[in-house]
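Only a predicted model underlies this, so the values are computations on that prediction, with no experimental measurement involved. Lettering follows sequence order; numbering is per chain, from 1.
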Amino acid sequence: MSTEATEPQRYVHAEIEARWQRYWDEHQTFSTPARSGSRPKKYVLDMFPYPSGAGLHVGHPEGYTATDILARFWRMNGIDVLHPMGWDAFGLPAEQYAIETGTHPAVTTQKNVETFRRQLKSLGFSYDWTREVDTTDPAYVRWTQWIFLQLFHKGLAYQDRVSVNWCPALGTVLANEEVKDGLSERGNHPVERVPLRQWMMRITAYADRLLDDLSMVDWPHGTLTMQREWIGRSEGARIVFGIAGTEKSFDVFTTRPDTLIGCTYCVLAPEHPLVGEITTAEQKEAVQTYASAASSRSDRDRSSDAKKKTGVFTGAYAIHPITGSQVPIWVADYVLYGYGTGAVMAVPGHDERDFEFAKTFDLPIVEVVSPDGALHAPIAKAFIDDGIAVNSGEFNGLSTAQCKKAMIEKLASLNKGSARITYKLRDWVFSRQRYWGEPIPVYFPVQMEDANGNPRSGDKHTILYDQPIAVDESELPLRLPDLTDFKPGQDPAGPLARAVDWRYFQKDGKWYARETNTMPQWAGSCWYYLRFTDPQNSTVAWSEKAHNDWMPVDLYVGGAEHAVLHLLYSRFWHKVLFDLGHVKQPEPFMKLVHQGMILGEDGDKMSKSRGNVVNPDHIVKMFGADALRMYEMFMGPLEAVKPWQTSQVSGVVRFRDRLYSAVLKNDSAAVMGEETKKLLHRTVKKVTHDIESMAFNTAISQMMVYVNHLYTLTTIPLEAVLPLILIVSPFAPHLGEELWNKTGHSQSLAYEPWPTWDEALCVDDVVEMAVQVNGKVRGKIQLAKAATEEEARTAALAVESVAAFTQGKQVKKFVYVPGKIINLVVG
RNA sequence: GCCGAAGUGGCGGAAUGGCAGACGCGGUGGACUCAAAAUCCACUAUCCGCAAGGGUGUGAGGGUUCAAGUCCCUCCUUCGGCACCA
């Protein structure tokens, strides 16, 4: 026999990985099983990507590898797994590219999807590719529009004129969170505030349920907090203030009704409709100037110089609902029109902002809550904590909690107020003035000036936006018209307004106009997890059976950047669908995990401009898909933010190659020694537990320990490596399949039962224990776990290195924790 | 400012209150080789010491405990999120 023949073969990743990927494709290894009901299921979901032109980024495979490991692990545990992938493919970049080059967004999208699919396939993920969905596919859009209509029919989708962030350069409205310092987050174009007709989603109707049902899900603590904060429920009171000399009144919202007696002035938001009505002639000019200046500034600008308080007196006075005294009414932009009632009662003694404002404009400050019941005038700073009511007449002496209650009762009896709950959460601006989104399936009657006119040829007409008509479900999907010019233009109606043949149509001799706004990118991602259960269904969005088979999502993995918006919008739609009976659980995502961001080698966020982007194609080519997968899992805890280091990849490459050649050296006749057997069982146990708790880095480390041990053996028994092949396979599936095949198996290991362990082999009867003297390790002993305290003491004192420190001293205390530690306290 | 997460060798990181630094990268030495690469083996927190051994050490300072990276208090730094929410 030649030396070459006995030399273990090298692991040629390019050839082996391509071969197994082909095998999985040809054998449909990962097609989703038909559910019979007798086996448990797991729905393992990744946040699907936006297929950008830049292709996959090393950040993507991090979460995808984590879910793939669990999907493969659960299959091997006899669980039916749904593990799909798709594309969140509407969005601004494709449209921007279309504007620049004239290439249709559908063409760009298709090309990008192909790149993403090829790249994901090259990583060996066990997705069921027959379930792929694409949010831009008319067969998908159809059902997004269908869900919109359900919301519309329930009165949850409505039109309103709202002051929005209009970006003329992008020709679209941006969400507050998409605007940074008066510029658009994408492209840095200037943004202005203008009132526009918009489609809104009444998410506020679901505020309490969105808040309460967070108790039903297993999500990261921080994400739950962020959602709660975003909803921002706050309990307080609505209080009515009359306006002196008129019949008019206004409501304020306060969380501190107990401080009402200390109210020395009121403040209206500049946008408040009463401002124009109550301002006196002398103050008119100043107020108008102030209000118009405030309205032209963005929310962000208005809040950026929050420290400096500005405002103008209206000349009008409000009547205090309890004392009947008159307090001045001011206008100031620290009061937000969009929150509460857009008006506040100012209690400078007990609110920091009111205090600053009162100081600036020399308004009176009264103490009505005291920390100790005594009086402290003048007050040096606002006392905002709970205390005891003072200077409050009949309420004096009450605690803050008692006083709140008493004040609300008093107000109610006077018909001047009531308990009230307010939310920070606002309704969702749902329309976009863009081309590349789902058309909103609504149309409006058109009134022609000349009854024989044709709106398509520009004859004068009026669109009756207040009479929206839903497109009939049978006509869905309402497709986008083909355009060649995607430029946004001046018209806030968006590019679709130019497709006049599409926009205007006749029915029964009357003209109608389609809605030219489109849906936001969130729409498609709000319900894709439902479509994955039944992606090809052409009669319903998903069948009841498909829903029952797979919902809810058991594990959802994605970036923390979606902690609020995507997850909140998605939960909102889900709850609406729940109320309509289309889904059966109130919450869609049971367990949520955020993978941490992967930074560049320089420790900065990866970005093209920094030039620190790592392309997964390059890593796969150099080291192989299994190496990339294992490296990303070995880098550190999944949730942690961590820097990429290409030099570290060689560690997992060596591990893979050592494992490969150790297995190939196996001897089927050899029997495991006791030490090997114990370590194998412990390794299987630890890897199993670590996968379940998603501690992939320590699972890999344990397998490395085991492989290192195999290298100390002169012969490696086959029985010592078979379980190893199985437990490494979720991490390195190509390696697993190759070795499973080379150890005489003709079938894929994808459904091979997961190895078990013998607990008895995982515990030692005799352990090495450290012996401490005054907390410092001074020696080691071998001791039975069952040893008595007396045996332990004798053994410990017999150790020479220990005796050196106890010599001539008295043992004041003897600490013995069996199997853990011995500590001699001497003095 | 508020909320959240985190600070451990040269680097990534590990450690149910019980021997800090598993595992990996890098480094040093050795084996193999004509030589190199690859591979294999050993060592590798730091200070004093020829060694045996000892001292110090988990962002800083206190505390609880026989015992603290881990629990408590004060502070510093970094990252992420929110930001006049009445």
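Look at A/Ser234 and you'll find a side-chain N or O under 4.0 angstrom from OP1 or OP2 of B/A86. Put simply, A/Asn708 has a side-chain N or O that comes within less than 4.0 Å of OP1 or OP2 on B/G24. Distances shorter than 4.0 Å separate some side-chain N or O of A/Arg654 from OP1 or OP2 on B/C25. For the OP1/OP2 pair of B/C85 and a distance below 4.0 Å, the side-chain nitrogens and oxygens of A/Lys424 include no atom meeting the criterion. Under 4.0 angstrom from either OP1 or OP2 of B/C85 there lies no side-chain N or O belonging to A/Arg233. Contact annotation: A/Asn697 reaches the phosphate of B/A14 (side-chain N/O to OP1 or OP2, under 4.0 Å). Between A/Lys776 and B/U56 there is a side-chain N or O to OP1 or OP2 distance below 4.0 Å. For A/Tyr339, a side-chain nitrogen or oxygen approaches OP1 or OP2 of B/A86 to under 4.0 Å.
In this structure, A/Asp657 places its CG atom 12 Å from P of B/C25, rounding to the nearest Å. Rounded to a whole Å, the CD atom of A/Glu271 is 14 Å from the P atom of B/C84. When rounded to the nearest whole Å, the span between CD1 of A/Ile239 and P of B/A86 equals 14 Å. Between the C1' atom of B/G18 and the CG atom of A/Asn774 lies a distance of 15 Å, rounded to the nearest Å. Rounded to whole Å, atom P of B/C25 lies 7 Å from atom CE of A/Met704. The CG atom of A/Asp354 sits 10 Å away from the P atom of B/C85 (whole-angstrom rounding). Rounded to whole Å, the distance from CD on A/Gln227 to C1' on B/G80 is 16 Å. Remark: P of B/A86 and CZ of A/Phe357 are 18 Å apart, rounded to the nearest angstrom.
With a cut-off of 3.5 Å on both Watson-Crick or G-U wobble distances, the partner of B/A37 is given as none. Pair assignment for B/U65 gives none, since no Watson-Crick or G-U wobble pairing has each distance under 3.5 Å. Nucleotide B/U77 is matched to B/A6 when pairs are restricted to Watson-Crick or G-U wobble geometry with both distances under 3.5 angstrom. The partner of B/C82, taking Watson-Crick or G-U wobble pairs whose two distances both stay under 3.5 Å, is B/G1. Partner assigned to B/C43 is B/G27, using Watson-Crick or G-U wobble distances below 3.5 angstrom. When both distances must be under 3.5 Å, the Watson-Crick or G-U wobble mate of B/G53 is B/C48. Shown here, B/U58 forms no base pair; nothing in the strands shown gives a Watson-Crick or G-U wobble contact with both key distances under 3.5 Å.
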Show every donor-acceptor pair shorter than 3.5 Å between a side-chain atom in residues 793-803 of chain A and any protein atom, with sequence neighbours excluded, or say none if there are none.
from     : atom 1 : to       : atom 2 : distance (Å)
A/Thr794 : OG1    : A/Glu790 : O      : 2.8
A/Ser801 : OG     : A/Arg778 : O      : 2.6

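Across B/C3, B/C66, B/C85, the shortest atom-to-atom separation from the side chain of A/Asn823 is found for B/C66. In this structure, of B/G12, B/A86, B/C19, it is B/G12 that holds the atom nearest to the side chain of A/Phe634. Residue A/Gln648 has its side chain nearest to B/C11 when only B/C11, B/G26, B/A86 are considered. For A/Gln645, taking side-chain heavy atoms from C-beta onward, the closest of the listed nucleotides B/C11, B/A14, B/G81 is B/C11. Checking B/G54, B/G18, B/C40 against every side-chain atom of A/Tyr711, the shortest atom distance belongs to B/C40. Here the side chain of A/Ser701 is nearest to one of B/C3, B/A22, B/G18, namely B/A22. Of the candidates B/A86, B/G18, B/A15, the closest approach to any side-chain atom of A/Thr698 belongs to B/A15. When distances run from any side-chain atom of A/Arg658 to the nucleotides B/G13, B/C66, B/C40, the shortest one goes to B/C40. The side chain of A/Phe805 lies closest to B/G54, out of B/G81, B/G54, B/C19. For A/Tyr334, the side-chain atoms get nearest to B/C84 when compared with the rest of B/C19, B/C84, B/C23.
B/G9 shows a glycosidic angle within 90° of 0 and is accordingly assigned syn.
Look at A/Asp354 and A/Lys359 and you find no salt bridge, because none of the NZ, NE, NH1 or NH2 atoms lies under 4.0 Å from a carboxylate O. A salt bridge is absent between A/Lys405 and A/Asp258; no separation between the charged side-chain nitrogens and carboxylate oxygens falls under 4.0 Å. Ion pair A/Lys381/A/Glu352 not flagged as a salt bridge, since none of the NZ, NE, NH1 or NH2 atoms sits closer than 4.0 Å to an Asp/Glu carboxylate oxygen.
At the heavy-atom level, A/Thr422 lies nowhere under 4.0 Å from the strands shown. Using a 4.0 Å heavy-atom distance criterion, A/Lys780 is classed as a base contact. Counting non-hydrogen atoms under 4.0 angstrom, A/Val817 reaches a base of the nucleic acid. Contacts of A/Gln772 with the nucleic acid, taken as non-hydrogen atoms under 4.0 Å apart, include base atoms. Note on A/Glu768: a base of the nucleic acid sits closer than 4.0 angstrom, heavy atoms only. Using a 4.0 Å heavy-atom criterion, one finds that A/Arg778 contacts the sugar-phosphate atoms exclusively.
Here the separation of B/C71 from B/A5, taken at their P atoms, is 12 Å to the nearest Å. Between B/A15 and B/C84, the distance separating the two P atoms is 40 Å to the nearest Å. Comparing B/G81 with B/C66, their P atoms are spaced 45 Å from each other, to the whole Å. Annotation: B/G12 and B/G59 have their P atoms spaced 14 Å apart (nearest Å). Taking the C1' atoms as reference points, B/C3 lies 35 Å from B/G18, given to the whole Å. If you take atom P in B/G53 and the same atom in B/U58, they sit 24 Å apart, rounded to whole Å. One C1' atom belongs to B/G54, the other to B/C41, and the distance between them is 30 Å to the nearest Å. Only the C1' atoms considered, B/G10 is 9 Å distant from B/G27, to the nearest whole Å.
Proximity of the aromatic rings of A/Trp757 and A/His689 is defined here by a centroid distance below 6.0 angstrom, and this criterion is met. Aromatic ring centres of A/Phe361 and A/Tyr265 lie farther apart than the 6.0 Å criterion allows.
Between A/Gly636 and A/Ile822, it is A/Gly636 whose nearest contact on RNA chain B lies nearer the 5' terminus. Nucleotides of RNA chain B nearest to A/Thr225 and A/Ser650 differ in position, and the one nearer the 5' end is that of A/Thr225.
Within the cation-pi definition used here (under 6.0 Å to the ring centroid, within 45° of the axis), A/Lys665 qualifies as a partner of A/Tyr711.
Side-chain contact between A/Tyr11 and A/Asp626 is present, with heavy atoms from C-beta onward closer than 4.5 Å.
Using cut-offs of 30° and 60° on the angle between ring planes, the pair A/Tyr569 and A/Trp428 is parallel.
In summary, the side chains of A/Thr314 and A/Tyr290 do not present any donor paired with an acceptor at a separation below 3.5 Å, with no hydrogens or angles considered.
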